[in-house]
Amino acid sequence: MTATDSSPAPNFIRNIIAEDLKANKNEGRVHTRFPPEPNGYLHIGHAKSICLNFGLAQEFGGVCNLRFDDTDPSKEEVKYVESIKEDVRWLGFDWQDREFYASDYFEQLHEYAVQLIKDGKAYVCDLSANEIREYRGTLTEPGKNSPYRDRSVEENLNLFERMRAGEFKDGSRVLRAKIDMASPNLNMRDPVIYRILHAEHHRTGNTWCIYPMYDFTHGQSDSIEGITHSICTLEFEDHRPLYDWFLDALKIFHPQQIEFARLNLSYTVMSKRMLLQLIEEGYIPGWDDPRMPTISGLRRRGYTPESIRNFCERIGVAKRDSMVDIALLEHSVREDLNKRAPRVMAVLRPIRLVIDNYPENKMEELEAVNNPEDPGMGTRKIPFSRVLYIEQDDFREVPPKKFFRLAPGREVRLRYAYFIKCVGVVRDEQTGEVVELHCTYDPKTRGGDAPDGRKVRATLHWVSAAHSLKAEVRLYDHLFLKANPTDEKDGADFKTYLNPDSLETLTSCRVEPTLKDAAPGSRYQFERLGYFCVDTVDSSNEKLVFNRTVTLRDTWAKIQKVEKEAMEVHKGVIKG
RNA sequence: UGGGGUGUCGUCAAGUGGUAAGACACGGGCCUUUGGAGCCCGUAUUCGGAGGUUCGAAUCCUCCCACCCCAGCCA
């Protein structure tokens, strides 16, 4: 397991475990488990659970199992187990040899069921699904006993064996726990514990045609594995009495179930169902699309495992429903990448800039710092010549106030190069738009400082036209326009709030030549722009493709945004 | 109108009877060859509300209010 990245803040689960340890409960053991169902890809919400379970075990000298909760063969697939293992490993956690499957326990679980029947605590019920629902009652009315509730132990044993033997059709019978049809907790109204499903299981094949339900599987699996603290999300709080009931009825080791609030993140959705829907309906190409809140999406986007772990530590663990600001996630990557990403110059929307007084065929190599946060990362040489590209945004013919980049007559610095002054522009004859800038440079400012001590307000990034490499850059933004897209109080479907500009692909970008052999997945800071990584799927030596992980904090953009909004309010524009 | 939960700054979140941590966001300043980073400062007289107990309450008691979850042979 990887070391935690920051000192742990107190939370109620940590407190419970600390107290259990103090009381020498479970002989001082701490054993947790992460129990995904292999029916989809892991997302950042699962990361919270992974960090919690593996983190707590590590912190208290215990261990954490990886256990696949694979009791519904109709939805589960091996490709999901593979992706889940890859993601947990990538996040930095190691389950060593403790890779388990609920399906490993099918035989034992079946024996437990038989034991319940023998104890008169379970029965085979022939009611249809609809009838079971009707008999269950409602939130305010008690249910009614099934007419099959009082079958003899012998008959139940016989019927249950024949269910297992495949004598009956799907849905024709179930095994139920005999608890209390009048319980105010619906989960206790004789819950189904085994159903008939003639389906092939990804691990057990056709060995079984009856499969245990979650409630009958989870606690017993925890018990078999000797789990001490079974941490799950809030919606299982109502199931805890049932979790306890089975363990008590079976008289086996009794782990403690503890519930916490699942993660909600602003401007995205966190439900496997909705994520799958975005893919199936073609809004997003796949689970690993960099806009997805999935672990694989974040990985492809350029997030580091460290940043995700730090994020999970920072958000805390509690029982109240909450919505974490995605800005905190973004802060976490910036913080990590600031320290480790090499800096590089890239021009996303190039405009040609000619330095009139610079010799035609001259090229000089200028020294640039790889990471000002870490001198150990050294320096590199970057080519400079007469014709450059700079960012279109870095020039304004009529500079607004507070804009202190390049403008006619104004002097700025080219990073690690020279001071330049804009002396003219070239326009497109048709459109009148500025297509080329002409500047002069001051040879005495080589490296970026003026010997006479004069200052300049702005430093621009640039690239030598002849030496730069072409690249495609994908600019990603929030998936949704609304902080909580699933808030359907106004009646709209969550997809209504999809951000049409969540992806902008720029195909005529120019990057400095040192990026020539950039490895897929490697991360850089494009100076003044943000953090980018080489796409692991589409980038190649012939065609470099970068994904924007996150922008740098941008106070200029903030000023523009505030002024734009003020303008809209002034004009009386109604904001949506 | 059954049961289970939860309400502390814009967003997370500590706090468990002794006088409201921290983070993000936000605002201001310093510094700066990234309008980045870093540094400094500011930001809840108040803890869903109302009563009560107490020398003292976010913490204890009472009532009320709001929100979330549960009627799959899903997990």
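What you see below is based on every heavy atom in this structure, not just the backbone, and it leaves out hydrogens, waters and symmetry mates. Just so we're on the same page: letters track the sequence lines, and every chain starts at 1. Not measured: the values here are computed from a predicted model.
A/Leu175 comes within 4.0 angstrom of no nucleic acid atom, judged by non-hydrogen atoms across all strands. Here A/Pro36 lies out of heavy-atom contact (under 4.0 Å) with every strand. No engagement by A/Phe311 is indicated, since no non-hydrogen atom pair under 4.0 Å with the nucleic acid exists. The residue A/Lys558 sits close only to the backbone: its heavy atoms come under 4.0 Å of sugar-phosphate atoms, none of a base. The residue A/His239 sits close to a base: some heavy atom pair falls under 4.0 Å. Within the 4.0 angstrom heavy-atom criterion, only backbone atoms of the sugar-phosphate kind lie near A/Arg133; the bases stay farther away. Looking at heavy-atom distances under 4.0 Å, A/Glu373 makes contact with a base. Across all strands, A/Leu197 comes closer than 4.0 Å to no nucleic acid atom at all (heavy-atom distances). At the heavy-atom level, A/Phe404 lies under 4.0 Å from base atoms of the strands shown. Here A/Arg189 lies out of heavy-atom contact (under 4.0 Å) with every strand. Using a 4.0 Å heavy-atom distance criterion, A/Asp72 is classed as a sugar-phosphate-only contact. Base engagement by A/Arg405 is indicated by at least one non-hydrogen atom pair under 4.0 Å involving a base atom. Within the 4.0 angstrom heavy-atom criterion, only backbone atoms of the sugar-phosphate kind lie near A/Val192; the bases stay farther away. Base contact: A/Arg413 has a heavy atom under 4.0 Å from a base atom.
Residue A/Tyr214 and nucleotide B/A75 are not classified as a stacked aromatic pair, given the requirement of ring centres less than 5.5 Å apart at an interplanar angle below 30°.
Donor-acceptor pairing under 3.5 Å is recorded for the side chains of A/Thr379 and A/Glu367. Side-chain contact, A/Gln257 with A/Tyr243: no donor N or O sits under 3.5 Å from an acceptor N or O. A/Arg262 and A/His46 share no donor-acceptor pair across their side chains, judged by distance under 3.5 Å alone. The closest side-chain donor-acceptor pair between A/Thr304 and A/Asp336 falls under 3.5 angstrom.
A gap of 11 Å separates the P atoms of B/C41 and B/G22, to the nearest Å. For the P atoms, the distance linking B/U8 with B/C47 amounts to 11 Å, nearest Å. When the P atom is used for both B/C68 and B/U11, the distance is 16 Å, rounded to whole Å. Across B/C60 and B/A44, the matching C1' atoms stand 23 Å from one another, rounded to whole Å. Going from the P atom of B/G10 to that of B/C26 covers 15 Å, rounded to whole Å. Comparing B/G42 with B/C24, their P atoms sit 16 Å apart, to the nearest whole Å. Taking atom P in both B/U6 and B/G72, one finds a spacing of 25 Å when rounded to whole Å. A gap of 15 Å separates the C1' atoms of B/A21 and B/U16, to the nearest Å.
In this view, A/Met213 and A/Val192, A/Arg195 satisfy the side chain to side chain contact (heavy atoms under 4.5 Å, CB included) rule, not counting sequence neighbours.
Of the residues near RNA chain B, A/Arg240 and A/Tyr531, the one whose nearest nucleotide (by heavy atom distance) lies more toward the 5' end is A/Arg240. Mapping A/Asn130 and A/Thr140 onto RNA chain B by nearest heavy atom places A/Thr140 closer to the 5' end of the strand.
The strand RNA chain B forms stems, runs of 3 or more Watson-Crick or G-U wobble pairs with distances below 3.5 Å, at B:2-7 with B:65-70, B:10-12 with B:22-24, B:26-30 with B:38-42, B:48-52 with B:60-64.
Between B/U34 and A/His461, no contact under 4.0 Å exists linking OP1 or OP2 to a side-chain N or O. A/Arg262 has no side-chain polar atom (N or O) that falls below the 4.0 Å cut-off from OP1 or OP2 of B/C69. Distances shown here put a side-chain N or O of A/Asn15 below 4.0 Å from the OP1 or OP2 atom of B/G15. Between A/Thr71 and B/A75, a side-chain N or O to OP1/OP2 separation shorter than 4.0 Å is present. Between A/Arg195 and B/C74, a side-chain N or O to OP1/OP2 separation shorter than 4.0 Å is present.
Classification of A/Lys319 and A/Glu259 as a salt-bridged pair holds, one side-chain N sitting under 4.0 Å from a carboxylate O. The pair A/Asp442-A/Arg454 meets the salt-bridge criterion, since a charged nitrogen lies less than 4.0 angstrom from a carboxylate oxygen. Between A/Arg162 and A/Glu167 a salt bridge is recorded (basic side-chain N to carboxylate O distance below 4.0 Å). A/Arg149 has a carboxylate O that lies under 4.0 Å from a charged side-chain N of A/Asp190, or vice versa, which qualifies the two as a salt bridge. Residues A/Arg14 and A/Glu313 are paired through a salt bridge, judged by an N-O separation under 4.0 Å between the basic side chain and the carboxylate.
Atom CG in A/Leu109 sits roughly 12 Å away from atom P in B/A75 (whole-Å rounding). The nearest whole Å value for the distance from the CG atom in A/Asp190 to the C1' atom in B/G72 is 16 Å. Distance, A/Ile559 CD1 to B/G27 C1': 13 Å, rounded to whole Å. Nucleotide B/U34 holds its P atom 10 Å from the CZ atom of A/Arg528, rounded to whole Å. Here B/G4 presents its C1' atom at 18 Å from OH of A/Tyr243, a figure rounded to the nearest Å. With rounding to whole Å, A/Arg14 atom CZ is found 15 Å from B/G15 atom C1'.
Minimum atom distance to the side chain of A/Arg553 is reached by B/G36, of the listed B/G35, B/G72, B/G36. Looking at the side chain of A/Leu139, the nearest of the listed nucleotides B/U34, B/C70, B/G3 is B/C70.
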### Message
Walk me through whether A/Ser128 and A/Asn130 qualify under side chain to side chain contact (heavy atoms under 4.5 Å, CB included).
### Response
CA-CA 5 Å; A/Ser128 69; A/Asn130 277 338; 3.9 Å; yes
### Message
Please determine whether salt bridge (Lys or Arg N to Asp or Glu O under 4.0 Å) holds for the pair A/Glu335 and A/Arg340, giving the CA-CA distance in whole Å, both sets of side-chain angles, and the decisive distance to 0.1 Å.
### Response
CA-CA 9 Å; A/Glu335 177 188 61; A/Arg340 41 204 281 202; over 6 Å; no
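The base of B/G3 sits with one of its N or O atoms less than 3.5 Å from a complementary donor or acceptor on the side chain of A/Asp238.
Base orientation at B/G72 is syn, since its O4'-C1' glycosidic dihedral falls within 90° of 0.
For the ring pair (Phe, Tyr, Trp, His ring centres under 6.0 Å) with A/Tyr194, the qualifying choice from A/Trp208, A/Tyr123, A/Phe160, A/Tyr112 is A/Phe160, the only one to do so.
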### Task
Take nucleotides 7-13 of chain B nucleotide by nucleotide from the 5' end and write B, S or -, depending on whether a protein heavy atom sits under 4.0 Å from the base, only from the sugar-phosphate, or from neither.
SB--SSB
